[in-house]
> 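So that we are looking at the same thing, I have put the structure below in structure tokens.
Chain A is the first sequence line, chain B the second, and so forth, proteins listed ahead of strands; every chain is numbered from 1.
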Amino acid sequence: MARLSGHSSRLAGTTEIISPVTEVRVAILIPTHALPPLSYRVPEHLRGHVRLGSAVAAPLSGYSRLGIVVGVEEPDEDRDLEDVREVFEDLALDAGLVRVCRWVCEVSAVPLANVLRTALPPGLDTRSYRILHPAPDWSWRRGSVVARGALRRALGPERLKVAEEAARIELTPHCPPPASEEWTVAAPEAAPDFGRAHSQRKLFEELRAGEANGVRSGDLLAATGATRATLLRLERRGLVRFEKRPAVAAVHAASGGVKLENEDFISRDLDGFLEGAEARFWRLPTVDHPAVAVAVARSAVERGEQALILAPEIEGVERLKGVLLESLPEGCSVAAYHSGLGRGRTAVYEAGRAGEVDVIVGTRAAALLPLPRLGVICVVDEPNEAFRAEPGYEGLPLHARDIALRRGGDGGASVVLLSPTPTLRLYGSGVAELPARLASSWPAVRLVDMRGTGAVFSATFLDACRSAVENGGRVGVLVNRIGPGVSVSCNRCGAVRSCPVCDLPLALHGTGRLAALICARCGHREAASENCPQCGSLRLSVTGLAAGKVRAELRAALEVPVGLLTAGEKSEADAPVVVGTTRLVQNLEWALVCVPDADSLILGSSIGSVERGFRTLYRAAESARIRLVVQTRNPEHYALQAALRSDYRGFAAAELPKLRALGYPPYAHLAEVVISGPGNAVRDAVESRLRPKLPLGVRMSALVPAGSDRSSAWRVLLRADERREVAWAATIAARLGGRKANGLKVLVDVDPEEV
DNA sequence: AGCACGCCGACT
DNA sequence: GTCGGCGTGCTC
């Protein structure tokens, strides 16, 4: 790691310094809101080497810590500040990226240190020290790297500080060593007799046929079909030896040549736009997304720029990587970046930052990668919720589309967002639209009115399945995932039990006589055991059909194998009929798609559930090659009608006014605060430590139960006109989970996709 | 009075 | 993430 410190001699003679930075704000990489960026002085010998984005060692409570310079201050001689101790040149971030990180922190209520970490090398260890001059009684040798914790245990806090001051040790941010792989090398003069050991001979001959410096053990075994045990026998006989070598970054060279359907006129549609460093969303069929990714990447490469292609899931990233490698001109370099890469991820990070990769395809984990020549960001399947981490999990609880838009605006890169059904939130963001391209084919749609029947499957539905299977077509049956927060509707008239204040479907909590219907928006609560307000019927039922149940009933009714495909389970996925959740229609095509309970898609009790349902139905139609059969008790529902007619504009025109009236994004902003702990403690914390501190203009909803009954969790919504305002309030709420929390756990989510 | 412990704010 | 100050409550 290149470093500049008081002990470095490399700085002698550095004279050309223009208005050197002398005082800086440093975000110490400790994952807490409780520690704001702190001010430090830049000592003489480091002036000219510290700027916005520099990685520095700065003292805090006596120890050096790794921090990033997130602000530059006017010099003030009167202030008595601690000195920055070192500069780590290799870890510096671009000033623009630092500004983006600060923005992410401000709108998502994530501590700045956590945001900065996602822009720094993956797995960076900020607490390791290098032993420079060990004292005689130390057990560590010169040059070894030791964690601060270990040093403190052995030396105690005082001697640790003294050791650092005496330069016996120095803070050394430590990246995980590159993944290594085993190579097999043949012994130089071996002329073995293998006798009847055929597998050994085969292995050895394959090895001799390869490069002189050896073959990857994995490749060798794959090429010969031999087992590792055989290879080990060869090693024991001294005929081969193993070598650990660092794995090279998984950066691939494109082979060029393959032209994708539609790529030409996609390039024509994009023509001239990509030079302008502007942002656009683009409504176009899902099948065309790969061609756009290729066109966008090609255009960036032609201008000598880097392209960042973001896709929601690892599987899709790898698939896109394959398409790009086939289609981009020869010599273009392409790399994937996602959590599935394990330790190989660091090498891709470094290659990207060095500008050695032209095209990076990644999941949300790639959204803040430092890329010096970044010219365009393309977000594939823009509305997908996998672009955002759930609070409390790895990654940022902010949609990668939002990060991309901000990054493009700040860094002068173009941004292209792809979806046939873009997020309605984009209407508030000032992002303009490229001319839409409509679906070139649309299935025949059959809407089945289920009012008045108690059946799960209509005759129409079953007949359609039978005839599709008889004609050799495959059938996908799309059900909604069901979980807490399902809504309740009347079996007879289809009316949904709704909140009298907000007119949103009420969510069912609890069971039996204790069951209650609760509004997710305002907390309105009523007993679940009343009859239908529309028709008086007592036949109320929970919407949503469990995938497993649908599968069993279909198997019985159709007498063919029925597979299952959900996020968590996959079995008999090549059966003629497959039941599944949204994953079923994500990347697959079916002759017939059936939706047995469309109401469960569209009548969810939460924010965004209508939009999500619309999108799922739209996607179901896209993936149905010939027919789409939809069962509903609400055949006139605007979202259902619009989705089946591929009428995005119609849906947006109907839905946007509703969002405005409810005070939902893009017209207003909200934050969800989930606090788990005993009810009294939660209520107490909210009333005495959150409500009094709320900024003016931030409203708070009632406390409602959240999640399963088993773990006691409670939820409040904060709402305000400005995103920053509500994020600031969410930051205050996050501190309820600090030390004085008597066991409270707090998760906050600003402008969640789903509430 | 003397000391352990937990809570809490400050740390630059 | 760490430290020290302070109040509480217990022991000598």
Side-chain angles (χ1 to χ4, degrees), chain A residues 5-6 20-44 46-47 50-88 91 98 102 105 110-117 120 123-129 146-165 169-174 677-678 681 684-685 688-690 692-693 731-746:
Chain A
S5 71
V21 171
T22 57
E23 289 184 18
V24 288
R25 301 281 289 172
V26 175
I28 306 289
L29 291 190
I30 293 171
T32 169
H33 275 301
L35 185 68
L38 303 173
S39 302
Y40 292 86
R41 199 180 75 97
V42 181
E44 293 284 345
L46 294 179
R47 299 221 172 132
V50 174
R51 52 170 183 79
L52 195 59
S54 289
V56 296
L60 179 68
S61 324
Y63 306 117
S64 284
R65 324 274 182 151
L66 179 63
I68 299 291
V69 175
V70 294
V72 171
E73 302 196 313
E74 290 300 311
D76 178 356
E77 294 300 325
D78 296 343
R79 285 206 298 184
D80 186 22
L81 296 176
E82 292 273 354
D83 277 357
V84 165
R85 291 183 178 167
E86 291 182 54
V87 179
F88 303 104
L91 291 174
V98 170
R102 284 179 55 166
C105 163
V110 173
L112 181 54
N114 296 17
V115 182
L116 289 166
R117 262 190 187 275
L120 287 164
L124 179 69
D125 181 357
T126 61
R127 294 175 305 194
S128 39
Y129 282 82
V146 184
R148 182 189 288 124
L151 284 163
R152 220 156 78 98
R153 253 172 278 125
L155 304 177
E158 280 319 304
R159 287 180 63 204
L160 172 51
K161 288 176 194 172
V162 171
E164 205 188 324
E165 267 157 46
I169 57 175
E170 69 180 3
L171 187 71
T172 302
H174 188 64
D684 219 52
S688 67
R689 295 183 27 231
L690 177 56
K693 291 186 197 156
T731 307
I732 297 170
R735 293 199 192 125
L736 296 179
R739 247 172 333 179
K740 55 185 163 187
N742 41 359
L744 299 188
K745 282 218 168 56
V746 182

> In whole Å, I'd like the distance from the CD atom of E158(A) to the P atom of dT2(C).
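It is 14 Å, rounded to the nearest whole Å.
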> Taking only heavy atoms on the protein side, list every residue of residues 54-64 of chain A lying under 4.0 Å from any atom of DNA chain C, sorted numerically.
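Correct list: L60(A), S61(A), Y63(A).
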> What are the residues of residues 22-37 of chain A, sorted by number, that bring a heavy atom to within less than 4.0 Å of DNA chain C?
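Residues of residues 22-37 of chain A that come under 4.0 Å of DNA chain C are, in numerical order, I30(A).
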> What residues, two or more places apart in sequence or in another chain, satisfy side-chain hydrogen bond (donor to acceptor under 3.5 Å, both in side chains) together with R41(A)?
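Testing R41(A) for side-chain hydrogen bond (donor to acceptor under 3.5 Å, both in side chains), a comparison that skips the adjacent residues, returns D83(A).
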> Taking atom P of dA10(B) as reference, at what distance in whole Å does atom CD of E82(A) sit?
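Taking atom P of dA10(B) as the reference, CD of E82(A) is at 18 Å.
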> Would you tabulate the side-chain donor-acceptor contacts of residues 150-158 of chain A under 3.5 Å, counting partners in other chains and residues two or more places apart, or write 'none'?
{"unit_1": "R152(A)", "atom_1": "NH1", "unit_2": "Y63(A)", "atom_2": "OH", "d": "3.4"}

> Grab the CG-P distance between D76(A) and dT12(B) for me, whole Å please.
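One finds 16 Å between P of dT12(B) and CG of D76(A), rounded.
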> What is the distance from CG of L66(A) to P of dG1(C), rounded to the nearest Å?
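So the CG-P distance, L66(A) to dG1(C), works out to 14 Å.
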> Could you give the CG-to-C1' distance, from L736(A) to dC8(B), as a whole number of Å?
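Nearest whole value for this atom pair: 16 Å.
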> Could you give the distance from OG1 (T22(A)) to CG (L81(A)), rounded to the nearest 0.5 Å?
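The OG1 atom of T22(A) sits 9.5 Å away from the CG atom of L81(A).
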> What is the separation between atom CZ on R41(A) and atom C1' on dT12(B), rounded to the nearest whole Å?
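Answer to the nearest Å: 13 Å.
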> Can a side chain N or O of R735(A) be found less than 4.0 Å away from OP1 or OP2 on dC8(B)?
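R735(A) to dC8(B) OP1/OP2: no side-chain N or O under 4.0 Å.
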> Can you name the residues that form a side chain to side chain contact (heavy atoms under 4.5 Å, CB included) with S61(A), not counting sequence neighbours?
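S61(A): side chain to side chain contact (heavy atoms under 4.5 Å, CB included) contacts with R65(A).
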> For T126(A), what residues pass the side-chain hydrogen bond (donor to acceptor under 3.5 Å, both in side chains) criterion, not counting sequence neighbours?
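In terms of side-chain hydrogen bond (donor to acceptor under 3.5 Å, both in side chains), with neighbours along the sequence ignored, T126(A) is linked to R117(A).
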> Between dT12(B), dG1(C), dC3(C), which one does the side chain of K161(A) approach most closely?
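Between dT12(B), dG1(C), dC3(C), the one nearest the side chain of K161(A) would be dC3(C).
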> Is atom CZ of R51(A) surrounded by more than 12 heavy atoms (other residues, nucleotides or ligands) closer than 6.0 Å?
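Yes, the 6.0 Å shell around CZ holds more than 12 heavy atoms from other groups.
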> Identify, with sequence neighbours excluded, every residue that meets side-chain hydrogen bond (donor to acceptor under 3.5 Å, both in side chains) alongside S64(A).
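Scan of S64(A) (side-chain hydrogen bond (donor to acceptor under 3.5 Å, both in side chains), adjacent residues dropped) gives R85(A), E164(A).
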> Under the side chain to side chain contact (heavy atoms under 4.5 Å, CB included) test, which residues partner T731(A), sequence neighbours left out?
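For T731(A) the side chain to side chain contact (heavy atoms under 4.5 Å, CB included) partners, ignoring immediate neighbours, are H33(A), A109(A), W728(A), R735(A).
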> Who are the side-chain hydrogen bond (donor to acceptor under 3.5 Å, both in side chains) partners of E73(A), not counting sequence neighbours?
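Partners of E73(A) under the side-chain hydrogen bond (donor to acceptor under 3.5 Å, both in side chains) test: S39(A), R79(A).
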